[in-house]
There are 2 protein chains.
Amino acid sequence: MLQDLDKTLQQKGVRPTAMRLLVLDYLLKQPAAVSLSDLEAYFHRADRITLYRSLKTFEGKGLVHSIDDGSGAVKYALCPDDCTTLEHHDLHVHFFCSQCRETFCLPKSRIPDIALPEKFKTEEVNLLVKGTCGTCSG
Amino acid sequence: MLQDLDKTLQQKGVRPTAMRLLVLDYLLKQPAAVSLSDLEAYFHRADRITLYRSLKTFEGKGLVHSIDDGSGAVKYALCPDDCTTLEHHDLHVHFFCSQCRETFCLPKSRIPDIALPEKFKTEEVNLLVKGTCGTCSG
DNA sequence: GTTAAAATGCAATGCCATTGCAGAGCATGC
DNA sequence: GCATGCTCTGCAATGGCATTGCATTTTAAC
């Protein structure tokens with residue numbers, strides 16, 4: 001099973017070390033985006049900095065994207081398959097639940113085009129919806 | 001002139017102290033959102049904490065809204081007149097220029113409705129566009 | 001196996017937001 | 001005008017998070 005993860009990393013140009021495989025495996029199992037602190041809490045034997053750099057490496061290679069949900073800590077979530085190093089296709093909506101403080105990717109909710117003033121050029125769009133998620137409102 | 005500002009503050013339920021009048025006056029003159037550090041740099045004789053609390057008071061009374069543009073520091077900008085304490089109507093787009101690192105409110109670009117999954121409830125929507133602003137791309 | 005490059009672990013730093021507390025300023029009632 | 005109480009201000013301190021430098025270990029290449 002970790003074999004698959006190994007391949008995934010290789011395909012993205014990330015050297016598959018033990019730590020990185022564990023981190024990737026963990027990320028795959030999460031329903032919500034995770035912060036560095038989440039990771040640190042789970043891998044309590046691992047060094048915070050190593051986890052930090054794993055995430056940064058993943059992000060640089062288009063494996064995960066980072067989300068600033070305003071909670072104070074940046075969170076990370078796996079990218080869809082069509083992300084590349086050069087261009088992140090995380091043009092989906094992120095949802096922050098103010099109850100459980102979890103952040104979810106909503107890949108089905110695409111970000112509509114935004115009309116900008118003359119001469120303004122778009123490079124990136126972040127759309128964050130805050131509210132109550134399905135679980136908490138149920 | 002500061003008379004008007006005085007009235008503005010009173011109407012919002014904020015006691016018009018000398019410091020607050022100066023801060024409000026400064027905010028009115030800014031074309032872009034300002035961070036606490038900006039304020040501190042401008043009022044180099046004032047205490048950072050007092051400025052911080054002025055902004056927080058303004059925010060609580062619906063005079064300004066805060067913007068997290070991902071630059072690391074929260075920025076503040078004046079609200080349109082129809083903001084109240086209870087409900088912020090800053091449902092406009094914010095634009096962060098990656099060249100000059102300024103953040104602008106784009107009141108004319110309204111945020112479209114976002115389709116959410118079943119049982120998700122929206123409380124607030126933040127839409128941040130990153131790119132190059134008119135001045136920097138000109 | 002040797003060697004070079006990359007990853008890790010530890011320490012340290014810096015920035016920003018936030019709070020507690022004491023003193024100063026202001027408004028109100030007498 | 002003066003005392004009282006509330007609000008604002010300024011200083012000090014704290015805590016969280018991101019980030020970097022450096023020495024060591026691990027991995028890949030030859």
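Every chain is numbered from 1 and lettered A, B, ... according to where its sequence line falls, protein lines coming before strand lines.
Between B:L106 and B:H92 the shortest heavy-atom distance is O-CB, 3.5 Å. B:L127 approaches B:P112 most closely through the heavy-atom pair CD1-CD, 4.5 Å.
Along DNA chain C, read 5' to 3', the first and last nucleotides having any atom under 4.0 Å from a heavy atom of chain A are C:dA6 to C:dA11.
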For nucleotides 27-30 of chain D, print each protein N/O atom paired with a nucleotide N/O atom at under 3.5 Å, atom names and distance only.
unit_1: D:dA28; atom_1: O4'; unit_2: A:R15; atom_2: NH2; d: 3.4

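Counted within 6.0 Å of NZ on B:K121, heavy atoms from surrounding residues, nucleotides or ligands total 12 or fewer; the atom is thus considered open.
How far CD of B:E102 is from CZ of B:F96: 9.0 Å, rounded to the nearest 0.5 Å. For the atom pair CZ of B:R20 and CG of B:D6, the computed distance is 12.0 Å after rounding to the nearest 0.5 Å. Note that OG1 of A:T132 is 11.0 Å distant from CG of B:L116, once rounded to the nearest 0.5 Å. Note that CZ of B:R48 and CD of B:E40 are 4.5 Å apart. Values are rounded to the nearest 0.5 Å. B:I67 contributes atom CD1, which lies 11.0 Å from atom OG of B:S35 (distance to the nearest 0.5 angstrom).
Here the C1' atom of nucleotide D:dT9 and the CG atom of B:L21 are 15 Å apart, to the nearest Å. Look at NZ on B:K56: it is 16 Å from P on D:dT9, rounded to the nearest Å. Between A:Y52 atom OH and D:dG16 atom C1' there is a gap of 14 Å when expressed in whole angstrom units. Between the CG atom of B:L22 and the C1' atom of D:dC8 there is a distance of 14 Å, rounded to whole Å. B:L51 places its CG atom 15 Å from the P atom of D:dC8, with the value rounded to the nearest Å. In this structure, B:E40 places its CD atom 12 Å from P of D:dC11, rounding to the nearest Å. Across the protein-nucleic acid pair, B:D47 atom CG and D:dA13 atom P stand 14 Å apart, rounded to whole Å.
Relative to the side chain of A:R53, the nucleotides D:dT19, D:dT9, D:dC22 differ in distance, and D:dC22 lies closest.
In this structure, A:V34 is a member of the same hydrophobic cluster as A:L36, with clusters built from ILVMFWY side-chain heavy atoms closer than 4.5 Å.
Residue whose closest nucleotide on DNA chain C sits further toward the 5' end, between B:I49 and A:I49: A:I49. Of the two residues contacting DNA chain D, namely B:R45 and A:L36, the nearest-nucleotide position lying further toward the 5' end is that of B:R45.
Residue-level contact check: A:T57 touches neither bases nor backbone, having no heavy atom under 4.0 Å from any strand.
Put simply, A:S37 has a side-chain N or O that comes within less than 4.0 Å of OP1 or OP2 on D:dC17.
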